[in-house]
Amino acid sequence: MTDIADVLLVHGGTPLEGEIRVRGAKNLVPKAMVAALLGSGPSRLRNVPDIRDVRVVRGLLQLHGVTVQSGEEPGELVLDPTHVESANVADIDAHAGSSRIPILFCGPLLHRLGHAFIPGLGGCDIGGRPIDFHFDVLRQFGATIEKRADGQYLEAPQRLRGCKIRLPYPSVGSTEQVLLTAVLAEGVTELSNAAVEPEIEDLICVLQKMGAIISMDTDRTIRITGVDKLGGYTHRALPDRLEAASWASAALATEGNIYVRGAQQRSMMTFLNTFRRVGGAFEVDDHGIRFWHPGGPLNAIALETDVHPGFQTDWQQPLVVALTQASGLSIVHETVYESRLGFTSALNQMGAHIQLYRECLGGSACRFGQRNFLHSAVVSGPTKLQGSDLVIPDLRGGFSYLIAALAAQGTSRVHGIDLINRGYENFLEKLEGLGAHIELPSAVPAAS
Ligand code: EPZ
């Protein structure tokens with residue numbers, strides 16, 4: 001990954017065409033790396049993308065005495081937790097600011113060391129993103145939590161015990177918290193109203209390879225029978241369905257044709273249905289999925305985000321750019337995060353017509369209804385987009401701005417592109433390979 005200055009010049013109007021490859025999922029790989037902490041021997045993780053979130057976790061693991069080395073094949077990491085040790089609080093703090101992953105170190109460190117420190121967390125500004133569920137479940141396992149100015153100090157006075165937990169909402173992070181804690185806890189843990197995203201299933205596969213006993217029932221109930229010891233694992237991470245869908249939306253919005261090597265139909269079924277409803281075309285083969293704009297007008301749709309197997313919230317922002325090119329009124333109801341539509345103001349600046357509402361439009365009432373959150377949008381199209389100055393707000397919002405700039409007439413200056421490195425591997429090289437007319441910052445004369 002090249003350290004790049006932070007502004008990109010995008011000359012729009014060229015359909016993206018060609019092939020890109022997606023590697024392991026940003027929302028699984030860092031968690032599988034944390035899981036290695038639970039093992040009594042080394043683990044081997046394959047299909048690891050070169051993205052910022054992986055680097056942050058690699059640094060945090062090394063701070064705790066885990067050796068992390070590159071394996072034989074490209075994208076392979078060998079993680080050895082034999083000499084896990086406490087890390088210096090200030091070092092953890094310095095490492096953690098930009099990600100939410102440190103919260104998932106709790107369970108493994110409590111099992112290995114009997115204590116853990118959690119600094120202030122980062123992550124995308126798309127809602128309040130509280131971590132109350134995480135601390136509630138850790139207390140139920142028997143951990144004590146002390147909030148201090150610099151962070152949370154956790155202790156496990158004795159071995160953590162399995163328990164019965166019902167999550168108030170099927171949160172991905174809290175489900176992972178329970179999985180990474182319950183596998184070595186004493187007795188059985190029954191988790192209901194759990195998240196069942198494909199990344200959760202893949203993490204369960206990792207833990208099962210280590211020796212864990214985990215069953216998934218049909219009604220979002222996961223049962224974990226704690227064991228005394230876990231070994232290492234060898235695992236190939238599932239491909240990133242969020243990155244794959246982002247490139248699919250880019251193909252649609254730029255009237256292009258992109259083959260996404262590594263994309264898997266199984267984990268993207270809901271996205272593929274929606275893509276087809278909008279008027280996009282796709283073809284699945286054994287190695288990936290081709291996405292293209294078949295020509296002609298796109299269809300306005302009603303879209304509601306939800307937990308898996310619903311429409312994934314991280315697919316929403318890139319697809320909304322394509323919906324600005326659809327004929328008629330599209331309705332978007334964001335039910336997972338209360339403030340994930342703020343990015344649309346910049347699209348309106350480019351010429352889109354997007355109106356935000358506090359009501360739960362086009363679908364069922366959600367947690368944010370009757371509260372002061374602009375979490376629904378009406379997109380009327382098609383509208384011509386004009387190049388503009390854009391400042392990246394968060395990871396998916398950032399990628400959607402790149403798509404908008406590529407679909408627009410004229411030139412855009414996109415600020416803060418470094419943030420996109422958090423979740424999109426080599427995105428600049430991929431854009432150039434697809435024929436995008438972009439100029440890297442160093443070549444861009446400073447704004448007068
Ligand atoms: C994971 O975040 C992903 N991040 C997110 O992807 C993704 O959007 C999200 O799951 C939902 O699928 C990673 O895996 C690193 P949650 P996470 O706990 O675990 C509320 C991306 O762009 N909640 O499922 O943080 C919360 O506020 C990122 O790739 C509580 O109220 O998400 C939110 O409204 C963005 N209290 C909802 O649950 C808690 O303690 C879903 O959050 C925890 C969550």
Side-chain angles (χ1 to χ4, degrees), residues 22 24-35 49 51-54 56-57 96 98-106 118 121-140 145 152 165-180 191 193-203 220 237-238 240-246 267 270-271 305-319 334-341 343 366-368 371 373 375 392-400 419-425:
V22 294
K26 170 191 96 63
N27 291 350
L28 176 269
V29 168
K31 289 93 181 264
M33 293 171 70
V34 173
I51 56 173
R52 170 111 11 84
D53 278 17
V54 168
V56 167
V57 173
S98 63
S99 166
R100 296 177 64 75
I101 309 288
I103 187 83
L104 295 178
F105 277 66
C106 292
I118 303 300
L121 299 178
C124 289
D125 178 17
I126 50 182
R129 308 196 75 178
I131 46 175
D132 49 337
F133 303 169
H134 292 257
F135 290 134
D136 291 350
V137 299
L138 287 163
R139 283 194 191 90
Q140 289 181 60
I145 302 171
Q152 318 266 351
I165 298 169
R166 179 174 178 76
L167 290 177
Y169 180 82
S171 146
V172 167
S174 320
T175 300
E176 293 161 340
Q177 186 74 259
V178 171
L179 289 169
L180 292 167
L191 172 64
N193 203 27
V196 292
E197 272 65 6
E199 293 79 15
I200 295 280
E201 276 195 24
D202 213 42
L203 181 61
R220 290 188 178 283
L238 87 168
D240 198 317
R241 62 198 177 107
L242 307 179
E243 182 185 354
S246 298
S267 64
T270 305
F271 177 82
T305 67
D306 202 351
V307 294
H308 184 84
F311 190 89
Q312 180 76 27
T313 172
D314 313 298
W315 291 335
Q316 177 256 102
Q317 292 158 293
L319 190 71
E334 172 58 60
T335 75
V336 179
Y337 290 106
E338 64 272 29
S339 358
R340 200 167 203 177
L341 290 169
F343 79 108
C366 81
R367 293 167 301 152
F368 308 132
R371 294 167 63 194
F373 297 119
H375 70 294
I392 287 179
D394 57 73
L395 179 65
R396 308 297 169 188
F399 197 87
S400 68
L419 200 157
I420 300 179
N421 282 310
R422 274 203 43 223
Y424 293 88
E425 183 181 36

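Positions are given from 1 along the sequence. Just so it is clear, the values below take in all heavy atoms, side chains as well, and ignore hydrogens, waters and symmetry mates. Whatever order the structure lists ligands and atoms in, that order sets their numbers, starting from 1.
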Check: How far apart are the C-alpha atoms of E201 and V196, what are their side-chain angles, what is the distance that settles it, and do they pass the side chain to side chain contact (heavy atoms under 4.5 Å, CB included) test?
Finding: CA-CA 7 Å; E201 276 195 24; V196 292; 5.6 Å; no

Next item on the list: Check the pair R220, V307 against side chain to side chain contact (heavy atoms under 4.5 Å, CB included), reporting the backbone distance first and the verdict last.
Entry: CA-CA 11 Å; R220 290 188 178 283; V307 294; 3.3 Å; yes

Next item on the list: Test side chain to side chain contact (heavy atoms under 4.5 Å, CB included) on R422 and V56 and set out the steps.
Entry: CA-CA 10 Å; R422 274 203 43 223; V56 167; over 6 Å; no

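Of the protein's non-hydrogen atoms, Y337 OH, 3.3 Å is the one closest to atom 32 (O) of ligand 1. Of the protein's non-hydrogen atoms, the one nearest atom 15 (C) of ligand 1 is N27 OD1, 3.5 Å. P130 O, 3.5 Å is the protein heavy atom nearest to atom 43 (C) of ligand 1. Ranking protein heavy atoms by distance to atom 40 (O) of ligand 1, first place goes to F133 N, 2.8 Å. Protein heavy atom closest to atom 34 (O) of ligand 1, with residue, atom name and distance, is V336 O, 2.6 Å. Distance from atom 14 (O) of ligand 1 to its nearest protein heavy atom, with residue and atom name: K31 NZ, 2.7 Å. Nearest protein heavy-atom contact of atom 29 (O) of ligand 1 is R396 NH2, 2.7 Å. Here the protein heavy atom with the shortest distance to atom 12 (O) of ligand 1 is Q312 NE2, 3.0 Å.
T175 pairs with exactly one of L191, N193, L203 by the side chain to side chain contact (heavy atoms under 4.5 Å, CB included) rule, that one being L191. A side chain to side chain contact (heavy atoms under 4.5 Å, CB included) with T305 is found for exactly one of E334, Q312, H375, namely E334.
Rounding to the nearest 0.5 Å places CZ of F135 at 6.5 Å from CD1 of I118. Interatomic distance, Y424 OH to R396 CZ, rounded to the nearest 0.5 Å: 4.0 Å. In this structure, D53 CG and L395 CG are separated by 8.0 Å, a value rounded to the nearest 0.5 Å. A distance of 11.0 Å separates CG of L28 from OG of S267, quoted to the nearest 0.5 Å. We find the CZ-CZ distance between F373 and R367 to be 9.5 Å, quoted to the nearest 0.5 Å. To the nearest 0.5 Å, atom CD1 of residue I103 and atom CG of residue L180 are 11.5 Å apart.
The ligand atoms of ligand 1 that sit less than 4.0 angstrom from a heavy atom of S174 are 43 (C). Each of the following atoms of ligand 1 lies closer than 4.0 Å to a heavy atom of V172: 10 (O), 12 (O), 16 (P), 18 (O), 19 (O), 24 (O). Short contacts between ligand 1 and H134, defined as distances under 4.0 Å to a heavy atom of the residue, involve ligand atoms 40 (O). Heavy-atom proximity to G173, at under 4.0 Å, picks out these atoms of ligand 1: 18 (O), 19 (O). Here is the list of ligand 1 atoms found below 4.0 Å of a heavy atom in T313: 8 (O). Heavy-atom contacts of Y169 reach the following atoms of ligand 1: 37 (C), 38 (O), 41 (C) (cutoff under 4.0 Å).
For the pair V172/N27, no side-chain contact is recorded, criterion being any heavy-atom separation below 4.5 Å from C-beta on.
Considering backbone and side-chain atoms alike, P170 places every N or O at 3.5 Å or more from each N or O of ligand 1. Where the criterion is an N or O separation shorter than 3.5 Å, residue side chain and backbone included, E197 fails it with respect to ligand 1. Between F368 and ligand 1, a contact under 3.5 Å exists for no N or O pair.
Taking the ring centre of F271 as origin, the terminal cationic atom of R241 falls outside the region bounded by 6.0 Å and 45° from the ring axis.
With a 4.0 Å cut-off on non-hydrogen atoms, R340 touches ligand 1 through its side chain and not its backbone. Within the 4.0 Å heavy-atom criterion, the part of R367 lying near ligand 1 is the side chain and not the backbone. Counting heavy atoms under 4.0 Å from ligand 1, residue I126 touches it through the side chain alone. Residue D132 touches ligand 1 through backbone and side chain together, judged by heavy-atom distances below 4.0 Å. Residue-level proximity to ligand 1 for D314 is carried by the side chain, the only part with a heavy atom below 4.0 angstrom.
Take Q317 and apply the side chain to side chain donor-acceptor pair (under 3.5 Å) test, not counting sequence neighbours, and it matches R340, D394.
The closest approach between any non-hydrogen atom of G127 and ligand 1 is not below 4.0 Å.
Among K26, R129, R100, the residue whose heavy atom lies nearest to atom 2 (O) of ligand 1 is R129.
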